[in-house]
Number of protein chains: 4
Amino acid sequence: MTADPETPLRADARRNRDQILAAARVIFAAQGAEVPMEEIARAAGVGVGTLYRRFPDRDALIRAVAVDNFDRVLRDAKAAKDQESSDWDALIRLLHQSMELQLSIQLAMVSPRALAILKSDPAIKALRDDLLVVLEGFVRGAQAEGRLRTDVGTGDVAMLFATLLRQMPGKGHEVARMATRRCIGIMIDGLRADRNGSLPGRALTGADLDPDRPPRP
Amino acid sequence: MTADPETPLRADARRNRDQILAAARVIFAAQGAEVPMEEIARAAGVGVGTLYRRFPDRDALIRAVAVDNFDRVLRDAKAAKDQESSDWDALIRLLHQSMELQLSIQLAMVSPRALAILKSDPAIKALRDDLLVVLEGFVRGAQAEGRLRTDVGTGDVAMLFATLLRQMPGKGHEVARMATRRCIGIMIDGLRADRNGSLPGRALTGADLDPDRPPRP
Amino acid sequence: MTADPETPLRADARRNRDQILAAARVIFAAQGAEVPMEEIARAAGVGVGTLYRRFPDRDALIRAVAVDNFDRVLRDAKAAKDQESSDWDALIRLLHQSMELQLSIQLAMVSPRALAILKSDPAIKALRDDLLVVLEGFVRGAQAEGRLRTDVGTGDVAMLFATLLRQMPGKGHEVARMATRRCIGIMIDGLRADRNGSLPGRALTGADLDPDRPPRP
Amino acid sequence: MTADPETPLRADARRNRDQILAAARVIFAAQGAEVPMEEIARAAGVGVGTLYRRFPDRDALIRAVAVDNFDRVLRDAKAAKDQESSDWDALIRLLHQSMELQLSIQLAMVSPRALAILKSDPAIKALRDDLLVVLEGFVRGAQAEGRLRTDVGTGDVAMLFATLLRQMPGKGHEVARMATRRCIGIMIDGLRADRNGSLPGRALTGADLDPDRPPRP
DNA sequence: GATGAATGAGATTTCATTCAT
DNA sequence: CATGAATGAAATCTCATTCAT
């Protein structure tokens, strides 16, 4: 057995894996997570067999795409933290940029099929938690800066974030892109500190979003 | 044959049709539009044969669900207009209420499959246009009232509307419901008139959302 | 849900089920348990879909064939008991007849795949146990009659039985049939009471054959 | 190219070949002849590529395993002839010992696939014929010695032989081993000379077992 | 030579739709 | 009319074999 899951792939295998992931990303974004595996293989320029060698079944592929994606968002979040001068700015940038980055794949996440898969994956949960920690920092910081209303929690922001990542499917790219930017703009305006106190319910925390934890009203 | 396609259905046939529609609505919302027809039939308590007698194929069912749904929203919109004292209030109410009403089925509309179907259906297009007309009235009116920022158009509002209708799938109902209400709240705050002028691009019109018209930057 | 697994099948469905079972029986006997499902369906004169509606997967089909088969042997055993005047005669008849009956399907049981499946099926285990009980009666009785050597147990006889049911595959039918009958004859001669005491080990019991019980030396 | 197909293999190549053969032997015995080539390669501790370099396809591997196996039996038979004092004793020893030797691989031969392959292989046919010649000597000799009933032929004995080589799959090793020894014992008892005349049909000859010759009743 | 990656034909299984009961 | 069985096209997945590293 060559067992060790960390064994680095051979150069060509690596290349194929990456191509498959990239193709899946694009196709999932465009057509949802139910496309025939064959189509993904074709788009990646490999045979189905290769696809199945790398990802034993569709679920594995969905998971891999999701991990890859969360990873990117997390990297963006960290970059925003490092490069922006305030937490509010970092938060705004992240809201804008992640859309940029993905504009897409999360769409796939809308698929109930995909959802079910992802909820049970520890790697994804870990990434998600990491992301929530960073986000928490932004929210606390921006509130301290007096720029973010204090009646929202990390959960609220994550929700906006998530909502936006599901993008208007169909429609020409230009309009879609503009629409998204404007939606974000409106949301950001809604988040500004002077709105304090007008929201129903209580601030949602990161924990509220954990699919495992039972809901606490 | 009694020719007229409008011949009202016999009572039991009517009942079946309604049950199927109701079941499809729930299942599409929960699991997307790709569920096996058999499952829908089972949930409706009828045989597949019956389902197919009422709706010649899956597309017809999707269309019917969509029409039914648009119809409800439109009725809500009209009720809001009649019962609220200002356009702004009607708009707010609609944003809240439609979520209430559907919280759901639009989710299904995320499916690229469904999208394609709906784009080509004249009945749906008609309903959509009716809805946009009403919405247009709200937007213009609320802007005239000085309550809605003037740099948004009907298209922007429709987009927010649409975005919200895709709701956080999974998660306990309570949190989901609260999250949705808070997102709407944040958006509404972002829509208030004092935010004028901070949005990128131009105000989107209802026409911008027409899937057929070529995009105009 | 029409749930009740005992709901009798509709006439046509029943007919199809039987045809499938009969076809599988013949084909498994002739070619082993790995033949394409399509081939079985074709032989049964139905589409693959029908086959899969009746038997959700290959394992289920193998199980059903095995149950059907054990059932026949058990019926034969009971008939032998009723119609023969001594236990020895009943035993001899069963050894001969079961070959007659099956000459075949047990062959399939040689497949390790099939084996694994069958070991875990309670219905099959129950039939097997029933059969062992009847056999036990024969063995005890024939020993009491002074016709069966006393140093063999039910397990030994079952083994002979099982061994013979795996018949010479290939070879023209005539030779195969004759060979089997002669093998049985030789075995029967080896079982006669005057051979007492020349066997190694201890008499095997029915329990020794239970795939679940740990072996006792 | 060093042309001569008999060119002895390099030491490491030889070792690989042997490992593959040994692994195939074990796996075929345990799981039949349909296991994935990859699994055999893994068990042999080599890559599939290596396996395919040594044996151009699955058939070649099956053939090689069969040849190897027949070879062992033939060697055993000759040893028995040399070392035992009578033909009856040699025959008995061979019946016992071959089980010892193989206990197994013949099991694989039950596969119709394997059967078809072997029937057409001249090397195997040659070995088989050699074996039948030796066996014929035993049978004639033991009959002359008055120890083997005269109503059996070489074919009958070969059949018993073959039947026994298909061993009770599943079940703990101990019971399997004991069961086999006891079955052989019973058969041997059935073969003893004093049973003369009770068998149906006619004595089967070695020729009756030739898969090519048309059957003669 | 050895390795394990890639390929693609074929097997398994699902499900939309039709049709006999 | 309602039902659920049958069909077969299409999807998923496996594995024998070839070939680049």
Side-chain angles (χ1 to χ4, degrees), chain A residues 2 7 9-17 20 34-42 44-61, chain B residues 9-10 12-13 16 34-42 45-61, chain C residues 2 7 9-17 20 34-42 44-61, chain D residues 9-10 12-13 16 34-42 45-61:
Chain A
T2 21
T7 304
L9 290 171
R10 240 167 56 179
D12 55 346
R14 173 94 235 151
R15 185 164 47 258
N16 276 338
R17 202 194 118 97
I20 292 168
E34 323 273 67
V35 274
M37 295 296 261
E38 185 113 22
E39 184 167 339
I40 296 169
R42 200 171 335 111
V46 303
V48 243
T50 303
L51 198 169
Y52 274 93
R53 169 182 275 268
R54 271 329 134 210
F55 307 96
D57 56 19
R58 179 189 294 282
D59 287 8
L61 178 58
Chain B
L9 293 170
R10 251 171 47 183
D12 55 345
N16 277 340
E34 322 276 65
V35 276
M37 295 296 261
E38 185 115 22
E39 186 169 337
I40 296 169
R42 199 172 336 114
V46 304
V48 248
T50 305
L51 197 169
Y52 272 91
R53 167 172 287 272
R54 281 315 143 217
F55 305 95
D57 58 17
R58 178 190 294 279
D59 288 7
L61 178 58
Chain C
T2 23
T7 304
L9 289 172
R10 242 167 55 181
D12 55 345
R14 171 96 235 150
R15 186 164 45 259
N16 276 337
R17 202 194 119 97
I20 291 168
E34 324 274 66
V35 274
M37 295 296 261
E38 185 113 23
E39 185 169 338
I40 296 170
R42 199 172 336 111
V46 304
V48 244
T50 303
L51 198 170
Y52 273 92
R53 169 179 275 268
R54 273 327 135 210
F55 306 96
D57 57 16
R58 178 188 294 280
D59 287 7
L61 178 59
Chain D
L9 293 170
R10 251 172 45 184
D12 55 344
N16 277 340
E34 321 276 67
V35 276
M37 295 297 260
E38 184 116 20
E39 186 168 339
I40 296 169
R42 200 175 333 116
V46 304
V48 247
T50 304
L51 196 168
Y52 273 90
R53 166 172 287 270
R54 282 312 144 219
F55 305 95
D57 57 18
R58 178 190 294 280
D59 288 7
L61 178 59

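Per chain, numbering begins at 1; letters A, B, ... match sequence-line order.
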Within this structure, what is the CD1-to-C1' distance between A:I20 and E:dA5, rounded to whole angstrom? 11 Å
State, with a plain yes or no, whether a side-chain heavy atom of A:M37 is found less than 4.5 Å away from one of A:F55. no
Are more than 12 heavy atoms from other residues, nucleotides or ligands located less than 6.0 Å from atom CD of D:E38? no
Any side-chain heavy atom of D:L51 within less than 4.5 Å of one from D:N16? no
With nearest nucleotides of DNA chain F determined for D:P36 and A:D59 from heavy-atom distances, which residue corresponds to the more 5′ nucleotide? A:D59
Work out which heavy atom in C:I20 is nearest to a heavy atom in C:L61; give both atom names and the distance. CG2-CD1, 4.1 Å
Could you pick out which residue, C:Y52 or A:G49, lies toward the 5' side of DNA chain E when each is mapped onto its nearest nucleotide? A:G49
Which whole-number value in Å describes the distance from B:I40 CD1 to E:dC15 P? 12 Å
Atom CZ of B:R58 and atom C1' of E:dT18: how far apart are they, to the nearest Å? 16 Å
Euclidean distance, atom CG of residue C:L61 to atom P of E:dT13 [Å, nearest integer]: 11 Å
Each stem that DNA chain F is part of, given as range with range (3 or more consecutive Watson-Crick or G-U pairs, under 3.5 Å): E:2-21 with F:2-21
Could you check how far CZ of B:R54 sits from C1' of F:dC1, rounded to whole Å? 8 Å
Go through the steps for C:D12 and C:R15 under the test side-chain contact (heavy atoms from CB on, under 4.5 Å), then give the verdict. CA-CA 5 Å; C:D12 55 345; C:R15 186 164 45 259; 3.6 Å; yes
Does E:dT7 have OP1 or OP2 under 4.0 Å away from a side-chain N or O of A:T50? yes
Is there a donor-acceptor pair closer than 3.5 Å between any side-chain N or O of B:R58 and the backbone N or O of B:V35? yes
5′-ward residue of the pair B:V35/C:M37 relative to DNA chain E: C:M37
Measure CZ/A:F55 against P/F:dC13 and give the value in whole Å, please. 14 Å
Measure the distance from CD on D:E39 to C1' on E:dG4 and round it to the nearest whole Å. 17 Å
Report the nucleotide, chosen from E:dT13, E:dT3, F:dT21, that has the shortest atom-to-atom distance to any side-chain atom of A:D12. F:dT21
Would you mind reading off the distance between D:D57 atom CG and F:dT18 atom P, rounded to a whole angstrom? 8 Å
Please name the pair of heavy atoms, one in C:Y52 and one in C:D57, separated by the smallest distance, quoted to 0.1 Å. CE2-CA, 4.1 Å
Judged by each residue's nearest nucleotide on DNA chain F, which is more toward the 5′ side, B:R53 or D:V48? B:R53
Any side-chain N or O of C:N16 below 4.0 angstrom from OP1/OP2 of F:dA5? no
Taking only N and O in the side chain of A:R15, is any of them less than 4.0 Å away from OP1 or OP2 of E:dA5? no
